Amino acid sequence: MAASERGFGRARAHSAAVMSFVLLLGAGGARAQTPGDWEALEGLDSELSGRLVRLSTDNLRLPGTFVDGKLRRPALWDYDFRSRRFNRLAVTPPGRADTGGSATNQSRSGSCVIGHQDAGNGTPYHAFRWTAAAGPVDLGTLDAANNGSRTSDAANVSDDCNVIVGTSQYNANGFAQHAYRWTAAGGMVDLGAPAGAGRNSRAFGVSGAGDVVVGEAEFVDASAFSGFRTGAYRWTAAGGFQSLGALEPGFFTSAVAVTADGTTIVGNGGVGNGSRAFRWTAAAGLVPIGPLAGHSHADAAAISDNGKIVAGTSSTGPLDRNAAGGALRGTGTAFRWTQASGIQDLRQLLVAAGVDMTGVTLLSVTGMSPDGQWIAGTATTPTTAAGETVGYLVKYCDDAIGAACAQVGTTPTPSFAIGASGSALTVAAGQSASTTLTVTPVGGFGNAVTFSCSGLPRGATCSFAPASVTPAGAAVTTTLTIATDGGPVALWLRAHPGVALALLLPVFFRWRPGDPRGARRRAWLAAASVAAWLVVACGGGGGGGGNEGGSGGGNPTPPATGTPAGTSTVTVTATSGSGAAAVSRTAALTLTVTR
């Protein structure tokens, strides 16, 4: 579908009853565990979505939707590996049996949930933020004066749950939509649209630190039929909307998810014969993924933190994300992609690993854990009634995981994530620039973390306040400050007549091709130039003035200690422990120095 034909309409996802089943397996090399099995969990009417978080030894937490008769309600599910049971946590207001909506995502620790819900029959849905202490908090809309008739949704959240992104109606006519970025301090801030007034944008993903937002927006594009193209973007406070381009001229693209460090983005885009999933980096640009053989469309739903695993849906028919919160509409075949193996049918991977998948069809991918080990989506089984789907949970490990494959019933390896509130810093030479780093514990991590920098330009230094943090049970922050040197950036030549002589010698001793005296002229030029530079270097033979370096009569040469103008990539490394037991995470920043 061409960009100009892609709409920004609203629709609630289907309300068919669903159940869930679980597939537990391992595959691939030394990290694998013995393949497990699957089972249907009868009576669990739910849909799963967003980030999957392993809470402890035996529990995995998933946001989603509880189907209560004809009403869809936001819910949070805890899955117990030992008992193979789901425990549902309600995230709707107490006593409100008529509240509908969906939980679309959760923070890195699983303690905070986001989504959208209404206030009862006939009321519009609004984005919400839920914690056990505060319950669901209505985030309102971009048109605050008309909240009673405007809608908003929440699609994704930063690691610490202090930044939420999504889409809201924003003006009087109630049809136009803009992406927003919400913070506790600033509330819901309208990100606008790159094509100007009256144009649309939506936000679907956000980096771990909350400083990089991705989604789709309308860009001016002469190659599109209407003159505007729905395009994938990467947004930062410093750079605004950055278009990721198109897979083919004039066709839409949409960015769905981004790695925690904000550097790698996945989504989908139109081509002449359908659509393709894509993976984007600044170095490689848009790289198409899929679809599977025999299909014409593909959509990427999630990417692992290391950027090496992408999961999504491949189909013979169109796939789009016009549902609230960017939920996928349409089903097909779940896929898993890695840099090493390319796109693969997720069901076939399970079959190859020895899992009995008789009568089971994996229809889509709706979420994944940050390490890429756990994948969730929708499916059908031999007992699924016509028109119904079931939620599934799969565990699959190979070398792309980049870590040990967690065993069911064992304690996950404690670790942490790091992100920067601002990943692009600009500073004048001689001045300082700062950003906030957030360290978020994962898997019960609670040890001290220290910091260091690499890749700094000449004359620049970095410091951290505090120099060490301990994220015991909650995210903690430190302030990184990069100081630059405003001194000279190159050696200065001393003022001396010999300098002028050396610079003018090529004029007096010009050599022309074909000149029979060329060799002799070149010899004179070389000798005279050396002599002139020796005069300069030795102080011109004049009387000593006692200046630094013993130069005669000239000014001293100051050292080239200054930070030069230009852009550098600075890597911040956070480390806990030492030796083989050390845990390290990195965050990349862009430092631009001006003069």
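What you are looking at is a predicted structure, and each value in this text was computed from that prediction instead of being measured. Heavy-atom basis, side chains included; hydrogens, waters and symmetry copies ignored. We're numbering straight along the sequence, starting at 1.
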Worked verdict on Tyr125 versus Gln117 for side chain to side chain contact (heavy atoms under 4.5 Å, CB included) | CA-CA 5 Å; Tyr125 57 80; Gln117 62 185 4; 5.8 Å; no
Does the pair Gln373 and Arg54 meet the rule for a side chain to side chain contact (heavy atoms under 4.5 Å, CB included), with working shown?
-> CA-CA 10 Å; Gln373 294 190 37; Arg54 195 168 185 197; over 6 Å; no
Decide yes or no on side chain to side chain contact (heavy atoms under 4.5 Å, CB included) for Leu60 and Leu393, but give the supporting numbers first.
-> CA-CA 10 Å; Leu60 190 75; Leu393 176 62; 3.6 Å; yes
From CA spacing to verdict: side chain to side chain contact (heavy atoms under 4.5 Å, CB included), Leu286, Thr253 | CA-CA 10 Å; Leu286 292 174; Thr253 50; 4.3 Å; yes
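Residues Arg61 and Leu76 form a side-chain contact, since some pair of their non-hydrogen atoms from C-beta on lies under 4.5 Å apart. Using a 4.5 Å heavy-atom threshold, the side chains of Val137 and Phe128 count as separate. Counting only heavy atoms from C-beta outward, the side chains of Ser102 and Pro74 never approach each other to under 4.5 Å. For the pair Gln177 and Ser168, the minimum side-chain heavy-atom distance is 4.5 Å or more. The shortest distance between side-chain heavy atoms of Tyr396 and Leu349 falls below 4.5 Å. A heavy-atom distance below 4.5 Å is not found between the side chains of Thr141 and Thr151. Between Tyr233 and Val213 the shortest side-chain heavy-atom distance falls below 4.5 Å. Residues Asp143 and Gln169 form no side-chain contact, since every pair of their non-hydrogen atoms from C-beta on lies 4.5 Å or further apart.
Remark: the backbone N or O of Gly192 is paired with a side-chain donor or acceptor of Ser201 at under 3.5 angstrom. Tyr180 places a side-chain N or O within donor-acceptor distance of the main-chain N or O of Asp153, the cut-off being under 3.5 Å. Under the 3.5 Å distance criterion, the side-chain polar atoms of Thr478 are matched with a main-chain donor or acceptor of Ala465. Between the side chain of Ser304 and the backbone N or O of Ile309 there is at least one donor-acceptor pair closer than 3.5 Å. Between the side chain of Arg234 and the main chain of Gly262, a donor-acceptor pair closer than 3.5 Å is present. Looking at Gln106, its side chain does come within 3.5 Å of a backbone N or O of Arg51 through a donor-acceptor pair. For the pair Ser207 (side chain) and Val212 (backbone), a donor-acceptor distance under 3.5 Å is present. Judged by distance alone, the side chain of Arg199 and the main-chain N or O of Val220 form no donor-acceptor pair under 3.5 Å. Judged by distance alone, the side chain of Thr569 and the main-chain N or O of Thr590 form no donor-acceptor pair under 3.5 Å. A donor-acceptor pair under 3.5 Å is formed between the side chain of Arg129 and the backbone N or O of Cys161.
Ile418 contributes atom CD1, which lies 11.0 Å from atom CG of Asp159 (distance to the nearest 0.5 angstrom). A distance of 8.5 Å separates CH2 of Trp280 from OG1 of Thr263, quoted to the nearest 0.5 Å. Put simply, CG on Asn268 and CG on Leu247 are 8.5 Å apart, with the number rounded to the nearest 0.5 Å. Between the CG atom in Asp160 and the OG1 atom in Thr438 there is a gap of 5.0 Å [rounded to 0.5 Å]. Considering OG1 of Thr236 and CD of Gln242, their distance stands at 7.5 Å, rounded to 0.5 Å. Taking OG1 from Thr561 and CG from Asp485, the interatomic distance works out to 4.0 Å, rounded to the nearest 0.5 Å.
Taking the six-membered ring where the residue is Trp, Tyr170 and His178 present parallel rings, their angle staying beneath 30° rather than reaching 60°. Below 30°, between 30° and 60°, or above 60°: for Phe416 and Phe445 the angle between ring planes is between 30° and 60°, a tilted geometry.
There is a side-chain donor-acceptor pair under 3.5 Å between Ser109 and Ser111. For the residue pair Thr563/Thr484, the side-chain donor-acceptor check at 3.5 Å is not satisfied. Side-chain N/O atoms of Thr313 and Asp299 include no donor and acceptor closer than 3.5 Å. There is a side-chain donor-acceptor pair under 3.5 Å between Thr592 and Thr567. Between the side chains of Thr436 and Thr479, no donor-acceptor pair is found at a separation under 3.5 Å.
Annotation for Ala155 and Ala203: closest pair CB-O, 3.5 Å, computed over non-hydrogen atoms. Pairing each heavy atom of Val113 with each of Ala103, the nearest pair is CG1-CB, 3.7 Å. The two atoms that bring Leu425 and Ala433 nearest to each other are CB-CB, 4.2 Å, heavy atoms only. For Ala302 against Ala257, the heavy-atom pair with the smallest separation is CA-CB, 4.3 Å. The heavy-atom pair separating Thr481 from Ser434 by the smallest distance is OG1-OG, 2.9 Å. Between Gly455 and Ser568, the shortest heavy-atom contact is O-CB, 3.9 Å.
For Arg108 and Asp305, the salt-bridge test passes: some basic side-chain N is under 4.0 Å from an acidic carboxylate O. Under a 4.0 Å N-O distance rule, the pair Asp398/Arg336 qualifies as a salt bridge.
The side chain to side chain contact (heavy atoms under 4.5 Å, CB included) test with Ile303 singles out one residue from Val256, Val258, Ile265, Val310, and that residue is Val310. Here the rule is side chain to side chain contact (heavy atoms under 4.5 Å, CB included) with Val206, and of Asn105, Val165, Asp211 only Val165 fits it.
With sequence neighbours excluded, the residues forming a side-chain contact (heavy atoms from CB on, under 4.5 Å) with Ala448 are Ser468, Thr470, listed by chain and number.
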